[in-house]
Every structure is written in C-alpha cells, then in structure tokens.
Amino acid sequence: MTYKKIERVLPPVDPNWVGNGFRVHNFFPSGYRISKEMSPFYLMDYNSKIDLKGTDEPRGVGVHPHKGFETVTIAYHGSIAHEDSYGNKGIIGPGGVQWMTAGAGILHKEFHEKSFQKSGGPFQMVQLWVNLPSKDKNAPPAYQDIKHEDKTLIEKDDGKVKIHLISGQMDDKKGPASTFTRIDLWDIELLKGGEVKLPVRKDSNTGLLLVEGSVEVNEEREADQDHFVFFNSKGNGNNIGLKAINDARVLYMDGDPIDEPIAQYGPFLMNTMEEIQEAMMEFRQGKYGHLE
Ligand code: MN
C-alpha cells in the first residue's frame, strides 16, 4: 500500500456572495486554477459556516439557466429549497444532497428554505459543478434528492469513522446517486483519533474538503477546517490515509477525468464557443422551459 501523493493543501480564498444567499469561497475554477486537475469536477463553491440572522427577505438566487453539466449541492447546516422548470421541487436539510442534471438545458432557482430563512441559524453548504462528457451534454434534465439517511453507510475503525457514500463504490457497496461518469463522492465523519485508508485508483482526480475539524493526511500533512487537499493524479499511490486530530467531517471527491476541450460562459459548460452561443440562443428562445 502506498499513499497517493498530496499535491497541495489550499486555504480558502476570500468569499464572494452568490445572490444574497450564499457566501462562498470559490476554490475552483477562479480561486485556484485546478479545474483540469480536478476534472470531472469543474467548480467548487464552498459556503463555510456562518451564523445568519432571521429575515423576512428571501435569501438565494432567482431563476437562471444551466446547460452541459450537473450541479451537486450538499447542505451541512441550514436548509435549501430547489425548484426547476421540469417540475422538480425539493428541500434538503443537514446532510442532504440535491443532484441536478442540467444536461440539455434547464431553469432553476436556489433559495434558503422559508422557515430557516425566517429563523436564521448556522448555514454551511457546498456546490459542485460536475462536467458531462460531450456525448451526455444533451442528456434529459433530471433531479435526484438524496437525504442524509439515504446515503450508504460504511463503518471503519470500530465505528470511529463513518463513510456515507453519496455516489460511487467502496467495499462492494454503492451510493444512491446515479452518475454519467465514475464519481466517488463520500461524506466522511471521523471521531478524534479515528483512522481510515481510502482506496483510490490510478489516474483518477482526487480532492478532500475539510468541512469540520482537522485531519492528518497520509501520516504527513495536517489539513485544517475549510482547507482543500488535492492530490497528484500521476502518482502510483493506491490509497489515502486519514487520521482525525479532532472530531472531523470531510467531503471526499474522486473521479475519472473527462479529457475534452472546455468552453464555459456563465452558467453554461460546453466543449466549444459555438455550443455556448447555441445555448444562449436556446435560453433566449425559451427552450429550457418556464419557471416563475
Ligand atoms: Mn444554479
């Protein structure tokens, strides 16, 4: 067993607001230019934990389009409502996941759930943009709503480590989310002192977000809360070692890179600028449906 080499441990960049609801550190593509190294994950917006006062004002982002990829939103604290032009609606609370396939084109809106908006409280979430290969960019829009208890639980180190599979596979068990390319997305809780070795493949792209607490990675580097660890995909390591310095929660992401050209403009993620222009035209022509 050899460890997959740590490339860098990245501190959070300065946050920016997405609408009036999400105060996010954009780790990539803007904060750090590592989208190629993290493919199929193109973007990661991380709302580190903040305490919000209750308000009567809706908090979030109004109706906007997406095309060519999937948005994956994970709530850790607080609760988030989703609604899209294909009639899908959902509310996720702590630990919940909204996995939306924008595919051929969709309109959606993302707001804090009403009663949480009114009461306020701690809020923490992550949004990933998962790229689709060109053959699947026009897949029918879809929505998967995954509650915390729907994730597949694997316990290690006498229960000191709980691995909740959102997607992908470990020890012949599978997470509930269906994906277009192979993606291991795991929500890992560790009690202080808990240790685990996560199996990784060759030539995959791998990262870890420290959502809570601190861990020692590969018996080598300490990674603290709100930091992102990314690994060298060229190495031959076949596992990643984690040991919790205190109670910790980690979002583990690993996938096979999509080796295709990327053209991104605003909410569209395609292969060429022609396809971006086409997407903008389709959006203007109302082809993504209707949403108030
Ligand atoms: Mn969106």
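Whatever order the structure lists ligands and atoms in, that order sets their numbers, starting from 1. For the numbers below, each heavy atom of this structure counts, side chains included, while hydrogens, waters and symmetry mates do not. Counting begins at 1 with the first residue of the sequence.
- Between the side chain of D84 and the backbone N or O of Y86, at least one donor-acceptor pair lies under 3.5 Å.
- Q117 contributes no side-chain N or O that, together with a main-chain N or O of E113, makes up a donor-acceptor pair within less than 3.5 Å.
- In the hydrophobic cluster analysis, where Ile, Leu, Val, Met, Phe, Trp and Tyr join through side-chain heavy atoms closer than 4.5 angstrom, V229 is grouped apart from M253.
- Within the sub-2.8 Å shell of the Mn ion (ligand 1), the protein contributes these N/O/S atoms: H64 NE2, H66 NE2, H108 NE2, E110 OE1.
- Residues V211 and Q124 are in side-chain contact: their nearest non-hydrogen atoms beyond the backbone lie under 4.5 Å apart.
- Relative ring orientation between H108 and H66 is described as perpendicular, the plane-to-plane angle rising above 60° on a 0-90° scale split at 30° and 60°.
- Not one N or O on the side chain of Q169 forms a donor-acceptor pair closer than 3.5 Å with the backbone of I183.
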